[in-house]
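Below is one structure, written out as structure tokens; the observations come after it.
In what follows, chains carry the letters A, B, and so on, assigned in the order in which the sequence lines appear, proteins first and then strands, with residues in each chain numbered from 1.
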2 protein chains.
Amino acid sequence: MPKVGMRDTRRQQLITATMESIAELGMQNTTIVSISRRAGLSSGIIGHYFGGKQGLIEAALRYLLEQLGKELKERIARTDGSPEQRLKCIVEANFSDFQQTEMAAKTWLSFWARSMHEPGLQRLQQINNARLYSNLRYAFAARLPPEAATAAARQTASMIDGFWLRSALSKDPAEGFAEAQTLCKRFALSTLNSGSH
Amino acid sequence: MPKVGMRDTRRQQLITATMESIAELGMQNTTIVSISRRAGLSSGIIGHYFGGKQGLIEAALRYLLEQLGKELKERIARTDGSPEQRLKCIVEANFSDFQQTEMAAKTWLSFWARSMHEPGLQRLQQINNARLYSNLRYAFAARLPPEAATAAARQTASMIDGFWLRSALSKDPAEGFAEAQTLCKRFALSTLNSGSH
DNA sequence: TTTTATTAATTGAACGTTCAATTAAAAAAT
DNA sequence: ATTTTTTAATTGAACGTTCAATTAATAAAA
């Protein structure tokens with residue numbers, strides 16, 4: 001039946017189908033059948049390419065993390081290194097078009113909940129949390145004293161995650177995301193310059 | 001007639017056991033057996049008192065919401081009505097001892113994720129989100145112009161949820177919760193008085 | 001070139017497990 | 001005696017995994 005060299009194509013097909021299924025049916029109702037049907041493949045293929053359902057789930061989270069990292073890297077590369085620009089980039093990467101899709105947003109939240117009880121996901125999750133904090137802290141530290149930079153980074157990270165959470169849960173995510181971005185930037189930038197009074 | 005007053009006892013037993021099971025095993029691995037065993041009862045009793053597993057899950061979320069509402073009400077009653085006091089109360093209620101228990105924190109997050117795909121939970125969730133926002137907005141509006149009050153309320157609500165989320169997911173929730181409370185108060189109070197320059 | 005062998009990709013059915021719900025019987029209280 | 005409460009066994013559906021069989025593509029041999 002198949003052609004050779006299908007590996008990467010199929011893996012991506014299945015990862016996308018996984019996120020679609022989680023977004024549509026929830027983690028609870030996502031099965032290897034609901035995934036493989038969406039990918040237009042058979043259920044057995046999941047075992048073949050990912051070892052099993054669990055392996056596919058982890059691969060999907062890793063994919064989301066990669067996208068987020070990539071978006072940030074691209075944005076940072078296109079600016080000078082000023083703290084203002086860095087903060088803007090961090091916020092924008094976290095609210096990028098891809099992250100705003102219902103697919104990505106709902107998948108993230110599902111992963112978060114599940115990561116509490118699955119070490120494999122938990123590890124990935126904590127790396128991501130630490131990365132956001134650390135990027136923010138670096139930007140703030142350029143203008144603020146250490147202690148203030150730490151506090152500002154924690155507050156900003158939480159505000160981003162919180163807005164993101166509330167938007168994902170709201171009836172009209174698109175609207176929520178748009179204002180979230182504005183208000184996160186406003187807070188981050190005004191905090192950055194709060195020393196100059 | 002039968003043993004009187006068993007109803008409320010058993011219901012509370014089962015609700016607590018549900019949260020314990022969700023905290024320990026996750027929503028994914030919580031079954032009517034894992035719940036009833038923790039409650040020291042048989043699995044059939046869940047159908048008797050809650051109609052089924054789903055009914056019990058919803059009752060548990062309603063219980064968490066009630067606790068949160070009660071904590072806020074008690075705190076507000078014990079203060080003057082100044083905006084500062086109100087903000088302090090709101091933050092403290094959201095980080096109360098009960099909310100900080102691993103049981104409550106993990107259960108909340110599980111509910112959040114699940115509420116995306118279950119209308120019954122989604123409704124309760126949105127009521128809660130709206131309540132937090134509305135309480136905050138009321139306090140800010142006492143000092144800030146309408147538009148600024150709205151923005152401040154959204155930012156504070158998100159910061160609370162975000163800190164809460166990050167604490168619940170972190171390795172050492174207790175430590176995270178403690179600082180979360182401090183930083184949320186600091187932001188809320190300084191924003192409240194940001195007009196007086 | 002044609003034929004044969006090997007490898008890679010894919011399917012789908014069978015299997016064993018797990019779960020929620022149901023139910024009938026027992027226990028306990030009035 | 002009657003009603004409520006509780007248990008424990010049963011049922012049937014749903015799930016993830018496994019695996020033998022199939023097909024297509026490639027390589028090797030003739």
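When the side-chain nitrogen and oxygen atoms of Arg10(B) are compared with OP1 and OP2 of dT6(D), one or more of them lie within a distance under 4.0 Å.
When each of dT6(D), dG16(D), dA21(C) is scored by its nearest atom to the side-chain atoms of Lys53(B), the top-ranked nucleotide is dA21(C). The Thr31(A) side chain lies nearest to dC15(D) when the options are dA13(C), dA9(C), dC15(D).
Whole-Å rounding puts the Gln54(B) CD to dT22(C) P distance at 14 Å. Counting to the nearest Å, the C1' atom of dT4(D) and the CG atom of Asp8(B) are 15 Å from each other. Regarding Ile35(A), its CD1 atom lies at a distance of 14 Å from the C1' atom of dT17(D), rounded to whole Å. Taking atom CD1 on Ile32(B) and atom C1' on dT10(D), their separation rounds to 13 Å, with Å as the unit. When rounded to the nearest whole Å, the span between CZ of Phe50(A) and P of dT18(D) equals 16 Å. Atom CD in Gln13(B) sits about 12 Å away from atom C1' in dT6(D), given to the nearest Å. Taking atom CD1 of Ile45(A) as the reference point, atom P of dT22(D) lies 17 Å away to the nearest angstrom. Remark: C1' of dA20(C) and CG of Leu41(B) are 17 Å apart, rounded to the nearest angstrom.
By the neighbour-count criterion of 12 heavy atoms within 6.0 Å, atom CD of Glu58(B) is densely surrounded, having more than that number from other residues, nucleotides or ligands.
Here the shortest heavy-atom pairing between Leu144(B) and Ser194(B) reads CD2-OG, 4.2 Å.
Residue-level contact check: Gly47(B) touches neither bases nor backbone, having no heavy atom under 4.0 Å from any strand. Heavy atoms of Ser36(B) sit nowhere under 4.0 angstrom from any nucleic acid atom. Within 4.0 Å (heavy atoms only), Ile46(A) reaches no atom of the nucleic acid at all.
Counting only distance, with no hydrogens or angles, the side chain of His117(B) and the backbone of Gln28(A) share no donor-acceptor pair below 3.5 Å.
Classification of Glu92(B) and Lys185(B) as a salt-bridged pair holds, one side-chain N sitting under 4.0 Å from a carboxylate O.
Between Asn29(A) and Gly51(A), it is Asn29(A) whose nearest contact on DNA chain D lies nearer the 5' terminus.
Aromatic ring orientation, Trp164(B) versus Trp112(B): tilted (interplanar angle from 30° to 60°).
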